[in-house]
Amino acid sequence: MIKIDGKEIPTPSDYQVGIMDISKAERNARGDMIIERIATKRKIELGWKYLSKSDLQTVMNAVSPVFFSVSYIDPLTSSQKTGTFYSGDRNVGALDYINGDIRWKDIKFSVIEK
């Protein structure tokens, strides 16, 4: 479903794509709004209820570079699209800690188009 730098990552349990217009807006002398759309960007919110230790490492390593390529299903066309993204803050919760082994849950972060 999602590839980062050409490598498939585990399918997320939460997947939301936001479409953001980057605009410059101001009112003219008549009070009418003038909007210049500069670009349209995507923000993809990803979440996993639970990931194994190795899958968590795969996901976290994939988004550790400043910029990376993401292939995803775009809701505007319902087809695969690829772009350059960066990662927002990454959050991971601990499920439990048994015999020195920690398991992770509720992994969440966003990737934002450059």
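Here, residue 1 is the first one in the sequence, and each next residue gets the next number. Below, all heavy atoms of this structure are taken into account, side chains as well, without hydrogens, waters or symmetry copies.
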Point to revise | is_close_aromatic(Tyr72, Phe85), centroid dist under 6.0 Å | key: yes

Review point. Between Trp48 and Phe109, does the ring centre distance come in under 6.0 Å?
Key: yes

Rounded to the nearest 0.5 Å, what separates atom [atom1] in [X] from atom [atom2] in [Y]?
X: Ile22; Y: Ile38; atom1: CD1; atom2: CD1; result: 7.5 Å
X: Glu113; Y: Tyr86; atom1: CD; atom2: OH; result: 10.0 Å
X: Ser23; Y: Glu36; atom1: OG; atom2: CD; result: 8.5 Å
X: Ser87; Y: Ile44; atom1: OG; atom2: CD1; result: 11.5 Å
X: Asn61; Y: Lys7; atom1: CG; atom2: NZ; result: 9.0 Å
X: Ile2; Y: Glu8; atom1: CD1; atom2: CD; result: 8.5 Å

Review point. Could you walk me through whether Met60 and Arg90 pass the side-chain contact (heavy atoms from CB on, under 4.5 Å) check?
Key: CA-CA 8 Å; Met60 290 299 174; Arg90 280 104 36 216; 3.9 Å; yes

Treat each ILVMFWY residue as a node, draw an edge where side-chain heavy atoms are under 4.5 Å apart, and state whether [X] and [Y] are in one component.
X: Ile112; Y: Phe68; answer: no
X: Val59; Y: Val17; answer: yes
X: Ile73; Y: Val63; answer: yes

**Study point:** Student check: side-chain heavy atoms of Pro12 and Met1 closer than 4.5 Å
**Key:** yes

Review point. Thr40 versus Ile19: any side-chain heavy-atom pair under 4.5 Å?
Key: yes

[X] side chain vs [Y] backbone, donor-acceptor pair below 3.5 Å:
X: Thr84; Y: Ser69; value: no
X: Ser13; Y: Lys49; value: yes
X: Asp96; Y: Ile98; value: no

Review point. What do the steps show when you test Lys81 against Arg42 for side-chain contact (heavy atoms from CB on, under 4.5 Å), and what is the final call?
Key: CA-CA 11 Å; Lys81 187 175 178 183; Arg42 302 294 190 265; 3.9 Å; yes

Point to revise | Phe67 six-ring centre to Lys114 NZ/CZ under 6.0 Å and within 45° of normal | key: yes

Revision key, fill the gap. Heavy atoms of Ala25 and Met33 approach each other most closely as CB-SD, 3.8 Å

Point to revise | Considering all heavy atoms, the nearest Ile9-Ala62 contact | key: CG2-CB, 4.4 Å

Check your understanding: Are Asp21 and Lys41 close enough for a salt bridge, meaning some N to O gap below 4.0 Å?
Key -> no

Practice item. Decide, yes or no, whether a salt bridge links Asp32 with Arg27 under the criterion of side-chain N to carboxylate O below 4.0 Å. Key: no

Exercise for review: Pick out which of Ile107, Leu56, Asp106, Leu95 makes a side chain to side chain contact (heavy atoms under 4.5 Å, CB included) with Tyr50.
Suggested key: Leu95

